Amino acid sequence: VPYYPLGYPLFVGFLYKLCGCEKIVVVCTQIILCFFSIMTMFFLASFCFNNTVATIATIFMTFNLGNLVFAQFILAETILSFLLLLFFTQMMRFFNAYDVYDLFLAGIVLGFSVLFKPAALYYPLILSLIIFFV
């Protein structure tokens, strides 16, 4: 049994198989994922608050050292942060519309994020309590 999840090595192996064994392909893919994380943060903040807050959050996330530095290394944090932001966006959509499809997509994204790092294993207990009380 491995001590770490195998999702990120599988992701890197897929990119290497698709584009050849070049580290620049992984770095470029992670930069694109950081861009999508910033866009997802904008949508999440505008959905929860307003466009002014979303713009401020986007500016802060654009100059976040984690986004600027981690995208240039072969680390799982970039894809994990994108998946967790996507999960929270889907959860906020569920809390707004109470559409089970949004909850289903949030569960799929959260389950997929566990393939990269098991940080999301703590979320279901807390979220089930929040969903119960909402």
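Given the structure is predicted, the values throughout are model-derived calculations rather than measurements. Note that the numbering runs from 1 along the sequence shown for the chain.
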Following the transitive rule for hydrophobic clusters with a side-chain heavy-atom cut-off under 4.5 Å over Ile, Leu, Val, Met, Phe, Trp and Tyr, establish whether [X] and [Y] coincide in one cluster.
X: V69; Y: L33; answer: no
X: I31; Y: Y8; answer: no
X: Y16; Y: L75; answer: no
X: I32; Y: V26; answer: yes
X: F35; Y: L44; answer: yes

With a 3.5 Å cut-off and sequence neighbours excluded, list the donor-acceptor pairs that the side chains of residues 118-134 form with protein atoms.
unit_1, atom_1, unit_2, atom_2, d
S128, OG, P124, O, 3.0
S128, OG, L125, O, 2.8

Could you give the side-chain donor-acceptor pairs of residues 80-87 under 3.5 Å, partners two or more places apart or in another chain?
unit_1, atom_1, unit_2, atom_2, d
S81, OG, E77, O, 3.2
S81, OG, T78, O, 3.0

**Report entry** side-chain hydrogen bond (donor to acceptor under 3.5 Å, both in side chains): pairs with one or both residues in residues 34-46, sequence neighbours excluded
**Finding:** none
Kindly compute the distance separating [atom1] ([X]) from [atom2] ([Y]), expressed to the nearest 0.5 Å.
X: L15; Y: E22; atom1: CG; atom2: CD; answer: 12.5 Å
X: K17; Y: L10; atom1: NZ; atom2: CG; answer: 12.5 Å
X: L115; Y: L6; atom1: CG; atom2: CG; answer: 9.0 Å
X: C34; Y: M41; atom1: SG; atom2: CE; answer: 12.0 Å

Atom pairs and distances, donor-acceptor, side-chain atoms in residues 51-66, under 3.5 Å, two or more places apart:
unit_1, atom_1, unit_2, atom_2, d
T55, OG1, N51, O, 2.7
T58, OG1, A54, O, 2.6
T62, OG1, T58, O, 2.6
N64, OD1, G66, N, 3.1

**Report entry** Donor-acceptor under 3.5 Å (Q30 side chain, I79 main chain)
**Finding:**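 Side chain of Q30 to backbone of I79: no pair is present.
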Which pairs of donor and acceptor atoms, one on a side chain in residues 92-106, lie under 3.5 Å apart (sequence neighbours left out)?
unit_1, atom_1, unit_2, atom_2, d
D99, OD1, Y101, N, 3.4
D102, OD1, Q90, NE2, 3.4

Report task. List, by chain and number, the other hydrophobic cluster members for F14, where Ile, Leu, Val, Met, Phe, Trp and Tyr join if side-chain heavy atoms come within less than 4.5 Å, directly or indirectly. Result -> L18
**Report entry** Minimum-distance pair of heavy atoms, taken over all atoms of V27 and Q72
**Finding:** CG2-O, 3.7 Å
Report summary line: Between P9 and P5 the two heavy atoms that sit nearest each other are CD-O, 3.9 Å
